[in-house]
Amino acid sequence: MSDPFQNVDARGAEFIKTVGDALETRAAEPKMQEIVDSYLAELTYPDGGLHIEIGAGSGAIARKLAAHAHNGKVVASDMSPGLIAYAKAHKDNPENLHFEVSDGGRLPHADASVENVVMHTVLSHVPDPSVLLTEAARVLKPGGALVVCDADFAKASIGNAFADPLGACAQYFAEHFVTDKFLVGKLRDLIAQSGLDLASFRVATRIITEGQGGMTFVGMGGKMMVEQGLIGQELADALIAEYDRRIENGSLYGFVPFAIAIAHRV
Ligand SMILES: C[S@@+](CC[C@H](N)C(=O)[O-])C[C@H]1O[C@@H](n2cnc3c(N)ncnc32)[C@H](O)[C@@H]1O
């Protein structure tokens with residue numbers, strides 16, 4: 001079965017809302033805000049410049065980009081019409097934020113027309129990341145920047161012990177809701193092959209000890225396991241209850257490394 005993030009709309013309106021809500025929850029986490037703020041602060045925003053987020057989902061990262069861009073124009077671009085509709089409906093969208101349905105591999109922008117391109121947890125969900133990287137290189141102005149921020153799902157965990165059922169949920173999620181869980185290890189090489197010049201590469205850590213951010217692994221993973229006939233609804237409900245129990249007793253511990261690569265068009 002293919003990664004549902006390759007075609008969110010195919011799974012229907014309820015899934016679009018679940019994904020949109022989960023992306024908003026993740027983006028609101030203080031640690032995720034810190035990660036996004038840190039890379040957005042490293043970019044330059046010339047007057048009236050154009051900035052694009054590819055795979056913008058619910059629009060949470062693009063809203064932040066728009067705040068940094070001042071009088072520049074930001075385009076939140078995603079191949080999912082359902083998520084673009086979700087993002088457009090947000091009550092806090094600023095005036096300089098625009099939306100477009102487009103595939104990151106075929107952007108409707110002219111060569112050398114964009115100041116910054118942001119890809120936040122999108123490359124790990126595409127079959128061929130080099131297509132999106134080459135397209136980013138095409139639209140970037142000389143000196144323009146690409147930021148890739150992606151989760152190292154191969155090393156992500158929410159388990160507290162060997163064979164912990166919540167740990168199994170994170171493993172199931174990485175196997176069925178991610179296209180390449182080893183993307184981060186390949187990222188520097190992929191960027192070099194796209195012709196962009198890597199300026200920095202670092203890894204920050206998203207620690208989940210409270211809130212519903214880690215519920216993505218348990219809720220979406222559990223629901224798919226039920227659909228596949230692997231577990232019954234009662235067990236899926238019990239896994240969600242276990243997640244909430246760990247929040248209450250202070251033992252919830254999720255760990256997701258996030259790589260941040262910044263590259264420039266020469
Ligand atoms: C995990 S979400 C990330 C959303 C947002 N960047 C964030 O971090 O909040 C991945 C997004 O990439 C989009 N996507 C997947 N393949 C794409 C492609 N080839 N071109 C554009 N968007 C794509 C999906 O529709 C989804 O909204």
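Residue indices begin at 1 and follow the sequence shown. First listed ligand is number 1; within each ligand, the first listed atom is number 1.
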NZ of Lys31: more than 12 outside heavy atoms within 6.0 angstrom?
yes

Salt-bridge contact Glu14-Lys17 (side-chain N to carboxylate O under 4.0 Å)
no

Test of proximity, Ser80 against ligand 1: N or O pairs below 3.5 Å
no

Below 4.0 Å from any atom of ligand 1, is there a heavy atom belonging to Ala60?
no

Any heavy atom of Glu24 closer to ligand 1 than 4.0 angstrom?
no

Sequence neighbours excluded - side chain to side chain donor-acceptor pair (under 3.5 Å) pairs with any residue from residues 157-167:
Asp164-Arg246

Do any nitrogen or oxygen atoms of Thr121 lie less than 3.5 angstrom from nitrogen or oxygen atoms of ligand 1?
yes

Remaining members of the apolar cluster that contains Phe255, side-chain heavy atoms under 4.5 Å:
Ile207, Tyr253

Where Asp78 and Gly57 come nearest, the two heavy atoms and their spacing:
OD2-N, 2.8 Å

Quick check: Gly55 and ligand 1, any N/O pair under 3.5 Å apart?
yes

Within the distance-only criterion (no hydrogens, no angle test), does the side chain of Asn96 pair as donor or acceptor with the backbone N or O of His70 below 3.5 angstrom?
yes

Is Cys149 in contact with ligand 1, taking contact as a heavy-atom separation below 4.0 Å?
no

Check: of Asp150, Thr179, Asp78, min heavy-atom distance to atom 26 (C) of ligand 1 comes from Asp78

Selected option - heavy-atom contact closest to atom 14 (N) of ligand 1, from Ile54, Leu132, Val122
Val122

Gly57 heavy atoms within 4.0 Å reach ligand 1 at atoms 4 (C), 27 (O)

In the protein, what heavy atom is nearest to atom 20 (N) of ligand 1, and what distance, to one decimal place, separates them?
Gly104 N, 2.8 Å

Need the ligand 1 atom indices (1-based, order shown) with element for anything under 4.0 Å from a heavy-atom of Asp103.
18 (C), 19 (N), 20 (N)

Determine whether any heavy atom of Glu53 lies closer than 4.0 Å to an atom of ligand 1.
yes

Any idea which of Leu83, Leu23, Thr216 brings a heavy atom closest to atom 9 (O) of ligand 1?
Leu23

Please say whether more than 12 non-hydrogen atoms of neighbouring residues, nucleotides or ligands are located less than 6.0 Å from CD in Gln233.
yes

Given 3.5 Å as the limit, does a donor-acceptor pair link the side chain of Arg63 with the main chain of Asn93, or not?
no

I need the atoms of ligand 1 closer than 4.0 Å to a non-hydrogen atom of Phe5, numbered in the order shown.
1 (C), 15 (C), 24 (C), 25 (O)

Check whether any heavy atom of His125 sits under 4.0 Å from an atom of ligand 1.
yes

Of Gln6, Glu135, Met32, Arg26, the one whose closest heavy atom lies nearest atom 7 (C) of ligand 1 is Arg26

Check this for me: Gln33, atom CD, are more than 12 non-hydrogen atoms of other residues, nucleotides or ligands nearer than 6.0 Å?
yes

To the nearest 0.1 Å, how far is atom 16 (N) of ligand 1 from its closest protein heavy atom, and which atom is that?
Met79 SD, 3.4 Å

Main-chain N/O of Ala62 paired to Glu53 side chain as donor or acceptor, under 3.5 Å:
yes

